[in-house]
Amino acid sequence: MVDRIPPSEAALARLDMPLVEAMLTQRAIRRVLPDPVDDALVLRCIELAQHAPTGQNGQQWEFVVVKDPRIKERLGRRYRQAWNFYWRTTYRRIAAADDSKARMAKAVQWQVDHFTEIPVLVVACLRLGVGEGRVPVVRMPHVAESGYWGSIYPAVQNLLLAARAMGLGASLITMPLWNLLSARRILGLPAEVTPVCIVPLGWPRGRYGPSARTPVGDVTHLDSYGRRRWLRPQP
């Protein structure tokens, strides 16, 4: 299987991919090979993630790189619990009525079933307390909470774009973290560090390609909701 692993130097060289190309061909790649991913590539992804903006330039991110099969197995059990519940209660009906959702469900199920075989999991976390090391005892106001949680996702998007450019398969998932207490225990996180999402990384079994999206005019409103100034004319 090693002969299928692109050399690290070649993968790093692909970071000169035009940004627009990376954005237009980015998609969730859940099916990946068990072949190892060089640490240099993972660290480069995280290094580029760190160049994203954060609220008040807090830079309160932490990244846990999981390679230990025992830790992946424990997170995988939580993933399976959450996915099975969601499938039984909600998603099975959605998938039955929509072929694209059904295909996505198969990809998620594959990821659940092969979670321990994924070479690397990057757990993106945020430090609470913004430099004070203390956990807030009350929920933050919406504007503060939105800004706080929003401080990790630009970094995660940078990571995903870097992975795309290098040819690594990646996706963004949260289900393995549904039980916060358990996730903290599994990852050995202190109380002031909160896991937000996981990015599984590996060499893709499939390939990237153009992603279908709703026309921009269908989702863009001018000045107030409902004023679709740029809506496509109906045939």
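Hydrogens, waters and symmetry mates play no part in the numbers below; they use all other heavy atoms, side chains included.
By the criterion of side-chain heavy atoms lying less than 4.5 angstrom apart, applied directly or through intervening Ile, Leu, Val, Met, Phe, Trp or Tyr residues, L168 is not grouped with M17; the two fall into different hydrophobic clusters.
Although no hydrogens or angles enter the test, the distance criterion places a donor-acceptor pair under 3.5 Å between the side chain of R184 and the main chain of V193. In terms of modelled atom types and a separation under 3.5 Å, the side chain of T25 and the main chain of E21 share a donor-acceptor contact. The closest donor-acceptor contact from the side chain of R228 to the backbone of D218 lies under 3.5 Å. Between the R205 side chain and the V32 main chain, a donor and an acceptor come within less than 3.5 Å of each other.
Side-chain heavy-atom separations under 4.5 angstrom define the hydrophobic clusters, and the remaining members of the one that includes L19 are M23, L161. L24 belongs to a hydrophobic cluster with V20, counting contacts under 4.5 Å between side-chain heavy atoms of Ile, Leu, Val, Met, Phe, Trp and Tyr, direct or through other members.
R27 is linked by a side-chain hydrogen bond (donor to acceptor under 3.5 Å, both in side chains) to nothing, counting only residues two or more places apart in sequence or in another chain. Not a single side-chain hydrogen bond (donor to acceptor under 3.5 Å, both in side chains) links N158 to another residue, sequence neighbours left out. For S182, the side-chain hydrogen bond (donor to acceptor under 3.5 Å, both in side chains) criterion is met by R78, not counting sequence neighbours. Under the rule for a side-chain hydrogen bond (donor to acceptor under 3.5 Å, both in side chains), the partners of S171 that lie at least two apart in sequence or sit in another chain are Q111.
Atom NE2 of H51 has more than 12 heavy atoms from other residues, nucleotides or ligands within 6.0 Å. By the 6.0 Å contact criterion, CZ on F85 is open, its count of non-hydrogen atoms from other residues, nucleotides or ligands being 12 or less.
Salt-bridge formation is detected for the pair K67/D39: a Lys NZ or Arg NE/NH1/NH2 atom is positioned less than 4.0 Å from an Asp or Glu carboxylate oxygen. Under the 4.0 Å criterion applied to side-chain N and carboxylate O atoms, E73 and R70 are not assigned as salt-bridge partners.
In this pair, Y86 and W83 present their aromatic rings perpendicular. The plane angle is above 60°, beyond the 30 to 60° band.
Side chains of E117 and H114: a donor on one and an acceptor on the other come within 3.5 Å.
The distance from atom CD1 of I118 to atom CG of L75, rounded to the nearest 0.5 Å, is 11.0 Å.
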